[in-house]
Amino acid sequence: MNKSKIFGSMLIIAGTTIGAGMLALPLASSGLGFGVASIIMLLIWSLMTYTALLMIEVHQFAPADATLHTLAYKLLGRKGQLIASFSMMFLFYALCAAYIAGGGEQIHSKLTSWFELDIPMQLGAILFTVLIGTVVAIGTRSVDMINRSLFSLKLIALVLMLFLLLPHVSVDNLVALPVHQGLVLASLPVIFTSFGFHGSIPSIVRYLGKDTKALRWIIVVGSALPLAVYLLWMLASQGVLTQGDLMGSQSLNGFIGSLSRLLHDPMIANTVSIFADLALATSFLGVSLGLYDFIADLLKRSTKPSHRVQVALVTFMPPLGFAMFYPQGFIAALGYAAFALVVLAIFLPVAMVSTQRRQVGLGGYRVRGGALGLGLVTLAGILIMTVQLLQMFDALPAVG
Ligand SMILES: N[C@@H](Cc1ccccc1)C(=O)O
């Protein structure tokens with residue numbers, strides 16, 4: 001088997017997972033303390049890896065170039081296919097809305113502090129969208145070129161950021177316990193979204209062919225890498241700031257501000273801020289490219305310039321509209337994304353595997369855990385959806 005392709009695929013999975021969601025983790029888990037937050041992350045990682053392996057089980061009996069769309073049709077019929085497409089679009093839109101709100105906040109704070117301008121928050125969101133939207137509308141090649149350099153810079157910023165923060169970790173901060181139990185539930189949707197990558201599984205299968213053994217490795221290692229990065233990131237952020245500081249930082253900017261106030265080192269706050277910019281930009285490029293292609297396909301538009309503008313408007317206007325109304329909506333939108341992700345990453349894989357396992361005489365790879373495993377992850381999905389619903393109706397505290 002081609003080692004470099006396997007390694008590359010692991011990085012694709014890890015790269016899709018480690019995105020802007022990581023920035024929301026310290027805020028989403030602010031009242032939990034490091035210990036409890038780590039346990040929740042481990043549980044959500046196992047959940048996501050398990051359901052990704054279910055997808056590999058499903059892919060075994062389909063052509064190597066199957067997409068989620070074709071798999072859902074084959075195993076669940078027209079209704080299943082509709083649910084898959086709708087959830088995919090909802091997920092993309094919600095993620096883009098989060099990235100625009102977060103990126104807008106970052107641009108706004110830079111413009112106001114560098115040039116002492118007094119501009120509305122919304123202007124930052126518009127600038128960020130126009131910038132990324134233009135790159136996406138020009139075409140995949142321009143996204144690839146820009147993404148490559150931004151992605152390399154993002155990795156450097158990530159390593160530097162952890163390196164600078166970890167010496168300031170205080171053990172006292174790490175042993176903090178949850179402020180109250182409701183926060184454990186409240187943190188679930190955002191942490192869940194930050195571990196999401198499931199849209200990329202069909203592309204990996206197509207790239208590598210149906211080598212189930214290699215694919216299983218890719219899923220496990222590719223998703224364990226983000227787990228390790230997230231644990232270090234939690235160690236750094238929860239160890240440097242006290243629980244009070246963390247809970248007082250309402251937004252991404254507030255969090256960066258707390259770091260710079262506490263550490264009196266502009267270098268650290270700048271590195272975190274640059275990492276945040278790069279994480280938002282690369283996630284937004286990747287996800288909006290997916291959404292753009294999806295919509296071009298749906299509306300059957302060609303690559304003519306006038307069509308490109310139309311598709312770009314349908315892609316970017318709805319999430320920009322969200323960010324106009326909720327300029328502080330970064331974390332809220334990541335929570336909405338969890339809704340669609342529960343369907344895509346839990347309910348659909350479970351439903352497809354259950355149908356497939358009922359067909360007689362199928363050998364091949366079968367994920368362990370049987371009906372009990374499938375039942376448990378379904379319950380976890382229902383729990384995450386319920387929490388998100390309760391938060392939307394203000395029956396549970398929202399995080400961030
Ligand atoms: N995990 C990604 C979000 C995502 C979810 C699902 C699929 C793809 C991407 C992030 O943190 O930004």
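Side chains are part of it too, since the values below use all heavy atoms of this structure and drop only hydrogens, waters and symmetry mates. Predicted model, so just to flag it, every value in this text is computed and none were measured. Atoms within a ligand are numbered from 1 in the order they appear, just like the ligands themselves.
- A perpendicular orientation is assigned to the rings of Phe322 and Tyr336, their planes being inclined by more than 60° (bins at 30° and 60°).
- Using a distance-only test at 3.5 Å, with no hydrogens or angles considered, no donor-acceptor pair links the side chain of His198 to the main chain of Thr51.
- Of the protein's non-hydrogen atoms, Thr17 O, 3.5 Å is the one closest to atom 2 (C) of ligand 1.
- Which parts of ligand 1 touch Leu341 is read off a 4.0 Å heavy-atom cut-off, strictly below it: atoms 6 (C).
- Scanning the protein heavy atoms around atom 6 (C) of ligand 1, the nearest turns out to be Gly196 C, 3.6 Å.
- Below 4.0 Å from some heavy atom of Ser194 lie the following atoms of ligand 1, by number and element: 1 (N), 11 (O).
- Using a 4.5 Å cut-off on side-chain heavy atoms (C-beta onward), Leu160 and Leu164 make contact.
- Only side-chain heavy atoms of Tyr99 come within less than 4.0 Å of ligand 1; its backbone N, CA, C and O stay farther off.
- Distance from atom 11 (O) of ligand 1 to its nearest protein heavy atom, with residue and atom name: Gly21 N, 3.0 Å.
- For the residue pair Glu105 and Ser251, a side-chain donor N or O sits within less than 3.5 Å of a side-chain acceptor on the partner.
- Residue contacts with ligand 1: Ala20 is included, with a non-hydrogen atom under 4.0 Å away.
- Residues Tyr230 and Phe195 bring their aromatic ring centres within 6.0 Å.
- Residue Leu95 touches ligand 1 through its side chain alone, judged by heavy-atom distances below 4.0 Å.
- For ligand 1 and Thr193, the ligand atoms under 4.0 Å from any heavy atom of the residue are 1 (N), 2 (C), 3 (C), 5 (C).
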Report the C-alpha distance between Asp277 and Lys110 in whole Å, list the side-chain angles of each, state the deciding distance to 0.1 Å, and finish with yes or no for salt bridge (Lys or Arg N to Asp or Glu O under 4.0 Å). CA-CA 11 Å; Asp277 296 343; Lys110 298 216 159 74; 2.6 Å; yes
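- Of the heavy atoms in Val287, none comes closer than 4.0 Å to ligand 1.
- Between the side chains of Ser237 and Trp233, no donor-acceptor pair of N or O atoms lies under 3.5 Å.
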